[in-house]
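Here's the structure we're looking at; comments come further down.
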Amino acid sequence: MWIKFRLDRNNKITILESGDPGDMVLPAVENYTFNGKQLGGMVFSGDFTNYMTILDISDTELALELDDKGYDEDGYNDYYAIYTFRKVEQE
């Protein structure tokens, strides 16, 4: 799974490319929230939580944790994932 995106200071995320865009027309622009410890919004959420926690951030990497606790229609719960994003030069 991969995604290329850009965050701006107006709390907009632009999804430029994706390994699995599904029914999304790219580029797509969505809102996001930032409170210093978490990123929220459609892109940074799961089925049972509306944010990802920032584990590490540097000039070149961003690591986010999704701890999605709840029960889906199949009875599974507690989906956990860590996503690492790396900065690339703009084309």
Do [X] and [Y] make a side-chain contact, defined as non-hydrogen atoms from C-beta onward lying under 4.5 Å apart?
X: Y80; Y: E65; result: yes
X: F5; Y: V43; result: no
X: I13; Y: L39; result: no

Report yes or no: does [X] contribute a side-chain atom to a donor-acceptor pair with the main-chain N or O of [Y] at less than 3.5 Å?
X: N50; Y: S45; answer: no
X: S18; Y: D20; answer: yes
X: D68; Y: F48; answer: yes

Would you say [Y] ends up clustered with [X] if hydrophobic residues are merged whenever their side chains have heavy atoms under 4.5 Å apart, either directly or through other cluster members?
X: I57; Y: L64; value: yes
X: I82; Y: Y79; value: no
X: L16; Y: L7; value: no
X: I3; Y: L26; value: yes
X: Y83; Y: L55; value: no

Legend entry - Considering all heavy atoms, the nearest G19-P21 contact: C-CD, 3.9 Å

Legend entry - Shortest non-hydrogen separation from L66 to G46 and the atoms involved: CD1-N, 4.1 Å

Legend entry - Y51 atom OH, over 12 foreign heavy atoms within 6.0 Å: no

Legend entry - salt bridge (charged side-chain N to carboxylate O under 4.0 Å, His left out) contacts in which one or both residues fall within residues 44-61, not counting sequence neighbours: E61-R86

Donor-acceptor contacts, no H, no angles, side chain residues 27-36, under 3.5 Å, sequence neighbours left out:
residue: N31; atom: OD1; partner: K12; partner atom: NZ; Å: 2.5
residue: Y32; atom: OH; partner: D8; partner atom: O; Å: 2.7
residue: T33; atom: OG1; partner: G40; partner atom: N; Å: 3.4
residue: N35; atom: OD1; partner: K37; partner atom: N; Å: 2.9
residue: N35; atom: OD1; partner: Q38; partner atom: N; Å: 2.8
residue: N35; atom: ND2; partner: Q38; partner atom: OE1; Å: 3.2

